K.L.:
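Have a look at this one before I ask anything.
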Amino acid sequence: MVDRHSSAVRTPLLAQRRSRSSRQSYRSYVGTASHLGYTPGFTKRRLTTSRLAPRGRTADEVSPAQLALLAREWQLSYVTPLYRFRHGQLKTYARQLAAFVQSEKQQQGGGPVEAGAGMESTLKVSFTLVAGMAQTEADADTVFIQPHKALWSGWLACVGGDPDYMRSLPEDFVCLPLFCRGGAAWLSPLVEAWFCRTFDCCFGPLEINAVSLQWLAALWTNCRAQAGVQPLKLVWSLPVEPPLEVTYAVHPQDAWELWRSVRRPLRERVDEEEEEDEDGSVGIEEVEGFIKGLQSHFYRHFRLELSAGQLTQVSTALGSAKHGGRLKISNGSYMVTTLTLLTECALLKMPV
Amino acid sequence: MDDLARSLLQRLIRRIPRQVLKTTLSKWARLSLQQEESLDFTQPKFVLMEHLLALCAENGLGVKHITELEMIYVIDNPNQRKWNAYQLLEPRDDALSVEMIHFKEQFKVHLVALIRHVSIKIKKHTDEAVWIRLAWGDSLSRPNHLKPSYVVHHLQTPYVFVTNVTSKRMTLLNQALVLATRYSSIKDANLSGRKLTAIRDLLMKQYQQVFPSKHLQPLGEKNQIISNPQVEYEQNEQSESRLQMACEVFGGGALPELQTAIYKLETKLKDNPNKSMTGREQPFRCVVKFASTNILESLRHGAMTGIASTPVTPLLSSITQKGRNHFVITDKGPSSQ
């Protein structure tokens, strides 16, 4: 296990450290067939078969710092644990990053022409803590990075990370596996490069696989209060020539009723009138039942197997997620649930 | 040149790609040969624009001429607007013998009677299509040449294709069309798309039709299913029959490049393991959209490979059989609208 991954190691420092520590990868920790790669079939059964779906929160409960995370489309990556990252040193990091970006740009001889961003003036960066996201004691607080006057921002988060895994990390490591970035493309590689050299970590693309997209479809539909008039939209890509994209948009009220009907037999609820779920957990069988219900209605009309294709996108009033690793959270409700799911995806995707 | 002519020309030049611009200008034939040759198409567009504006001013060209240029461009490049198809119904006795001159006259007369302030330009194209450019005005303002509508009618067919007309104006336009073509009424054909040639070919069935036949001819280079020879032997009959059915429904050879199809479903959920949903009286409301660079080829390929079960469901076969791509499906069957 370790041998195979050391061939994938990017920095020599990492190899040295691994020999010092007995840290396991998240996947080997969990004990799945991880050396074959992330296999959704295995992991979904061994790992999260149920997730907490909290009672819908109103937008008022979102802090101003958290607001910065909403209503923008982010590109997702995973990040390996950061060596000696200190939440108390954010101001220092901000200065260092600014200096690094500045010097890199000068070395590149001016770089791309940025409309409005006068690079002659000193670039300032701010690192801010986004409190209130941590779910367990083991979760590190979310950090939001914003260079001033540059149309870019990014944030690192760990929400609902498995506490046992966190505890298994050697002391000097901080786990913030989910990295979300958005804006001017030229800044991303510079920020990542600085992180890599300062904290000896590495970044990689995080795709959102079909199972996770299905989870999001179900969890977001579960939040009836925030559904509004936006439909539940699912997009599949079918493997024909030329590729066919099928967009299936369901009226939010009808989606909610289908969802509720899938949950009902498993919960044996008596009360007809409840709006929210008292029992806040959602199981994978319910998610599967929901998606199957949608697919079979489609099949009845078109006799086209959606499962022959790939689910590539999900969106509701609460947000949107795309297979390529793009995420938008439109609403504070379920932000924590969504990020918990994505934190888990990031932890699973990490090679180390 | 007045301001309107200038801004019209500027917008046009910005939109037309350079290679196309050269051909369009020579077809227009409003510049002398020398003037045309003096234009340098390798220069950046804003330089070219200034030069062209100067030449047009020199020749005393106005709005009338610039709209001519625009029309030539649109006729040659019809595949970049959103077109809607309409169908004329119940021809009167003399409908099929309506000639260009008669149509042109009648259309102008009727439309102007309905809307006083409209600028009409009519041109006959080589393939029997009549092209009409309309700029709409009202009692308070002159016709707006910056937002023209285009109408295409193939004489001796009941089909009309329209782009960029508001629903309010469409009612008046429809009236004028019905009167000029000697039909009784007109309806929305529920077919729309960006490529005029594609929707026209679909509606008028100008692509290879395949009829039920015992002698199956494979599609030749289209039949790209690569498979294991042993498996192929087993599945030969099934795949041949799928191929045949796929082609009967969607056509053979190259298919019109229709890019979307939209189904608004208002049917009940059935076959649902949860009784609570099956008993539900209200329909399950959803909208399904198919999109691809060529959905007919995608669906045909789907039918050939078995992703779409054959025989092909009437919802999908209606696209080619009825020549439409907007559907509203209720439990009583497809809405007649």
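Here is the naming used below: chain letters follow the sequence lines, and residue numbers restart at 1 for every chain. A quick note: this is a predicted structure, and the numbers were derived from the prediction, not measured.
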K.L.:
Apply side chain to side chain contact (heavy atoms under 4.5 Å, CB included) to Arg303(A) and Leu316(B), showing your working.
P.N.:
CA-CA 9 Å; Arg303(A) 292 171 49 88; Leu316(B) 292 176; over 6 Å; no
K.L.:
Looking at side-chain heavy atoms only, is the closest gap between Leu294(A) and Phe284(B) below 4.5 Å?
P.N.:
yes
K.L.:
Considering all heavy atoms of both residues, which atom of Ser292(B) and which atom of Pro243(A) are nearest to each other, and what is their separation?
P.N.:
CB-O, 3.3 Å
K.L.:
Please identify, among Lys289(B), Gln282(B), Arg285(B), the residue contributing the most non-hydrogen atom pairs under 4.5 Å to chain A.
P.N.:
Arg285(B)
K.L.:
Heavy atoms under 4.5 Å from chain B: which residues of residues 304-320 of chain A carry them?
P.N.:
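Only Leu304(A), Glu305(A), Ala308(A) of residues 304-320 of chain A have a heavy atom under 4.5 Å from chain B.
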K.L.:
Does the side chain of Pro239(A) reach to within under 4.5 Å of the side chain of Ile307(B), using non-hydrogen atoms?
P.N.:
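A side-chain contact exists here, since the closest heavy-atom pair is under 4.5 Å.
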K.L.:
Using non-hydrogen atoms only, which part of Pro242(A) is less than 4.5 Å away from chain B: side chain, backbone, both, or neither?
P.N.:
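The answer is both parts of Pro242(A).
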K.L.:
Side chain, backbone, both or neither: which part of Thr260(B) has a heavy atom under 4.5 Å from chain A?
P.N.:
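Answer is neither: Thr260(B) stays 4.5 Å or more from chain A.
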K.L.:
Does His301(B) use its side chain to pair, donor to acceptor, with the backbone of Glu241(A) at less than 3.5 Å?
P.N.:
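Confirmed, His301(B) side chain pairs with Glu241(A) backbone.
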K.L.:
About how many Å separate NE2 of His297(A) and CG of Leu265(B), when rounded to the nearest 0.5 Å?
P.N.:
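Result: 5.5 Å between the selected atoms.
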K.L.:
Flag yes if more than 12 heavy atoms outside Lys45(B) fall under 6.0 Å of its NZ atom; otherwise flag no.
P.N.:
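Yes, because the 6.0 Å sphere around NZ of Lys45(B) holds more than 12 heavy atoms from other groups.
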K.L.:
Checking an interface table here. Which of residues 245-253 of chain A come within a heavy-atom distance under 4.5 Å of chain B?
P.N.:
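Within residues 245-253 of chain A, the residues that come under 4.5 Å of chain B (heavy atoms only) are Glu245(A), Val246(A), Thr247(A), Tyr248(A), Ala249(A), Val250(A), His251(A), Gln253(A).
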K.L.:
Begin with the C-alpha distance, continue with both residues' side-chain angles, and end with the deciding distance and a verdict on side chain to side chain contact (heavy atoms under 4.5 Å, CB included) for His301(A) and Val288(B).
P.N.:
CA-CA 10 Å; His301(A) 291 85; Val288(B) 173; over 6 Å; no
K.L.:
Who wins among Ala308(B), Gly302(B), Ser309(B) for the most heavy-atom pairs under 4.5 Å with chain A?
P.N.:
Ser309(B)
K.L.:
What part of Pro314(B) lies closer than 4.5 angstrom to a heavy atom of chain A: side chain, backbone, both or neither?
P.N.:
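Contact with chain A: none, neither part.
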K.L.:
In terms of relative ring orientation, are Phe302(A) and Phe290(B) parallel, tilted or perpendicular, with 30° and 60° separating the classes?
P.N.:
perpendicular
